[in-house]
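Atoms considered below: every heavy atom in the structure, side chains included; atoms not considered: hydrogens, waters and symmetry mates.
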Amino acid sequence: MSNTKTILALAKKTIELQGESINNLISLLDDNFCDAVNCILKSEGRVVVTGIGKSAIIATKIVATLNSTGTPAIFMHAADAIHGDLGTIQKDDVVICLSKSGNTPEIKVLVPLIKRGKNNLIGITGNPDSFLGKQATYVLNTFVNKEACPNNLAPTTSTTAQLVMGDALAISLLELRGFSSADFAKYHPGGALGKKLYLRVSNIVENNEKPQVNEDSDVREVIVEISEKMLGVTAVIKDNKIVGIVTDGDIRRMLNKYDNINGLTAKDIMTKNPQTIETNVLAIKALEAMQTKGISQLLAVEENKYVGVVHLHNLINEGIL
């Protein structure tokens with residue numbers, strides 16, 4: 001038990017230290033941040049993000065975030081840059097350099113080379129008075145009082161601060177570019193995230209069976225239709241319009257209610273005015289509707305005509321839920 005308390009205490013202390021440092025970044029923001037954002041916005045090139053050690057790892061994440069939110073970016077390792085990869089930087093590119101101290105040997109070699117190419121340099125450093133801080137076109141201060149490491153050595157709080165500052169840049173650029181959810185979908189076509197942004201009800205319905213019966217269909221026909229189409233439901237149609245729905249639940253309730261089902265029709269057991277959804281609606285909206293209504297199927301319509309069923313299991317299989 002005591003070991004559990006110690007572990008939780010250490011975790012809480014780490015998170016508290018990181019949280020305090022991140023909150024302190026707000027007070028460090030100044031016109032340099034605005035100028036850096038505008039510099040990137042006006043640039044006709046890419047954003048080249050570089051660093052050394054743990055800062056290089058954070059740089060790769062910043063690159064990924066920029067690319068996914070509409071700002072073309074590329075990673076360049078600071079050590080590799082001074083050993084042949086400097087050609088990565090093109091004349092219109094903006095360079096972001098990450099370094100806690102701003103005084104590492106690789107940075108001291110790299111920064112003059114960047115400036116020689118006349119590229120704008122944004123320094124993200126915890127020491128604005130460092131070599132990087134003094135040489136950068138714009139300086140984003142990510143000072144932290146101490147690392148979460150008890151020896152104040154392992155980069156923890158400082159790299160978190162760099163990461164958050166990079167996110168602040170990316171989100172500012174996203175907003176100013178008017179980057180929409182539709183734009184976001186273009187950059188995230190795969191996986192659950194992409195599907196939430198582009199998959200529509202029509203994409204699901206076209207792969208499903210289309211169960212339907214008439215008002216006067218015998219309940220045995222209804223049961224067969226539901227069973228064969230394997231969607232747990234069937235639409236009830238009259239004059240090419242939906243007038244009701246029969247679900248597995250309706251069948252169970254019927255069997256509990258009637259000792260003799262002879263003569264019963266779909267009209268006798270259906271639910272009138274069922275929930276429908278347009279085929280051009282995003283599939284995630286279908287999920288939200290199901291969750292709100294506490295149901296597992298929706299009848300899909302197109303120009304008020306019944307076209308099929310979207311089932312909760314479809315959405316689960318697509319990874320949307």
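- Taking CG from L8 and CG from N3, the interatomic distance works out to 9.5 Å, rounded to the nearest 0.5 Å.
- To the nearest 0.5 Å, the span separating NZ on K272 from NZ on K267 amounts to 8.5 Å.
- In this view, T157 satisfies the side-chain hydrogen bond (donor to acceptor under 3.5 Å, both in side chains) rule with no residue, not counting sequence neighbours.
- Between atom CG of residue L163 and atom OG1 of residue T65 there is a gap of 7.0 Å, rounded to the nearest 0.5 Å.
- Within the structure, the side-chain hydrogen bond (donor to acceptor under 3.5 Å, both in side chains) test picks out the following pairs touching residues 12-23 (sequence neighbours left out): Q18-T160.
- With sequence neighbours left out, H311 forms a ring pair (Phe, Tyr, Trp, His ring centres under 6.0 Å) with H313.
- Shown here for I226 and T234, the closest heavy-atom pair between the two residues is CG1-CG2, 3.8 Å.
- Pairing each heavy atom of A286 with each of V201, the nearest pair is CB-CG2, 4.1 Å.
- Applying the salt bridge (charged side-chain N to carboxylate O under 4.0 Å, His left out) test to pairs two or more places apart or on separate chains, those with a residue in residues 98-124 are K100-E147.
- Residues L264 and V224 do not share a hydrophobic cluster, defined by chaining ILVMFWY side chains whose heavy atoms lie under 4.5 Å apart.
- Atom CG of N304 has 12 or fewer heavy atoms from other residues, nucleotides or ligands within 6.0 Å.
- Under the 3.5 Å distance criterion, the side-chain polar atoms of T50 are matched with a main-chain donor or acceptor of A78.
- The number of heavy atoms from other shown groups lying within 6.0 Å of CG (N256) is above 12.
- Judged as a salt bridge (charged side-chain N to carboxylate O under 4.0 Å, His left out), the pairs with a partner in residues 52-66 (not counting sequence neighbours) are, in order, K61-D167.
- Here the closest non-hydrogen pair linking G102 and S99 is N-OG, 2.8 Å.
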Apply the test salt bridge (charged side-chain N to carboxylate O under 4.0 Å, His left out) to residues E288 and K285: give CA-CA distance (whole Å), side-chain angles for both, the deciding distance (0.1 Å), then the verdict. CA-CA 5 Å; E288 292 171 0; K285 295 297 182 182; 3.6 Å; yes
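- Inter-residue side-chain proximity for L98 and M165 is flagged as unmet; no heavy-atom pair is nearer than 4.5 Å.
- N262 and N260 share a donor-acceptor pair across their side chains, judged by distance under 3.5 Å alone.
- With a 4.5 Å cut-off on side-chain heavy atoms, P274 and I242 count as touching.
- A search for salt bridge (Lys or Arg N to Asp or Glu O under 4.0 Å) contacts involving D218 returns R220, not counting sequence neighbours.
- Nearest approach of Y306 to A235, heavy atoms of both residues: CZ-CB, 3.5 Å.
- Heavy-atom minimum distance, L176 versus L41: CD1-CD1, 3.5 Å.
- L173 is listed as a side-chain neighbour of V37, based on a closest heavy-atom distance under 4.5 Å.
- A distance-only check finds no donor-acceptor pair linking the side chain of S43 to the backbone of C39 [under 3.5 Å].
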Decide side chain to side chain contact (heavy atoms under 4.5 Å, CB included) for E209 and M230; before the verdict, give the C-alpha distance in whole Å, the side-chain angles of both, and the deciding distance to 0.1 Å. CA-CA 8 Å; E209 295 282 358; M230 301 179 65; over 6 Å; no
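- A heavy-atom distance below 4.5 Å is not found between the side chains of T71 and L169.
- Atom CE of M290 is separated from atom OG1 of T292 by 11.0 Å, given to the nearest 0.5 angstrom.
- For K229, the salt bridge (Lys or Arg N to Asp or Glu O under 4.0 Å) partners are E225, not counting sequence neighbours.
- A distance of 7.0 Å separates CG of L231 from CG of N314, quoted to the nearest 0.5 Å.
- Qualifying ring pair (Phe, Tyr, Trp, His ring centres under 6.0 Å) partners for H83, counting only residues two or more places apart in sequence or in other chains: none.
- Contact annotation: the side chain of S101 never approaches that of N127 to less than 4.5 Å [non-hydrogen atoms, C-beta and beyond].
- Side-chain contact between V310 and Q297: absent, with no pair of heavy atoms (C-beta onward) separated by less than 4.5 Å.
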Could you walk me through whether T69 and R177 satisfy the side-chain hydrogen bond (donor to acceptor under 3.5 Å, both in side chains) test, starting with their C-alpha distance in whole Å, then the side-chain angles of each, then the deciding distance to 0.1 Å, before giving a yes or no? CA-CA 9 Å; T69 53; R177 292 186 195 280; over 6 Å; no
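- Sorted by first and then second residue, the salt bridge (charged side-chain N to carboxylate O under 4.0 Å, His left out) pairs with a member in residues 35-44 form an empty list; sequence neighbours excluded.
- The closest side-chain donor-acceptor pair between T142 and Q162, if any, does not fall under 3.5 angstrom.
- Hydrophobic cluster of L110: the remaining members, joined at side-chain heavy-atom separations below 4.5 Å, are V48, I74, M76, I82, L86, I89, V95, I107, V109, V111, L113, I114, L121, F131, L132, listed by chain and number.
- Side-chain contact between I52 and H77 is present, with heavy atoms from C-beta onward closer than 4.5 Å.
- Rounding to the nearest 0.5 angstrom, the gap separating the CZ atom in F75 from the CD1 atom in I96 is 12.5 Å.
- Side-chain contact between I62 and V47 is absent, with no heavy atoms from C-beta onward closer than 4.5 Å.
- Among residues two or more places apart in sequence or in another chain, the salt bridge (Lys or Arg N to Asp or Glu O under 4.0 Å) test is passed with K146 by none.
- A donor-acceptor contact closer than 3.5 angstrom links the side chains of S27 and N24.
- N32 approaches T137 most closely through the heavy-atom pair OD1-O, 4.4 Å.
- Residue pairs meeting the salt bridge (charged side-chain N to carboxylate O under 4.0 Å, His left out) criterion with at least one partner in residues 235-250, sequence neighbours excluded, are E215-K238, D250-R253.
- Partner of V233 under the side-chain contact (heavy atoms from CB on, under 4.5 Å) criterion, chosen from T247, L298, V246: T247.
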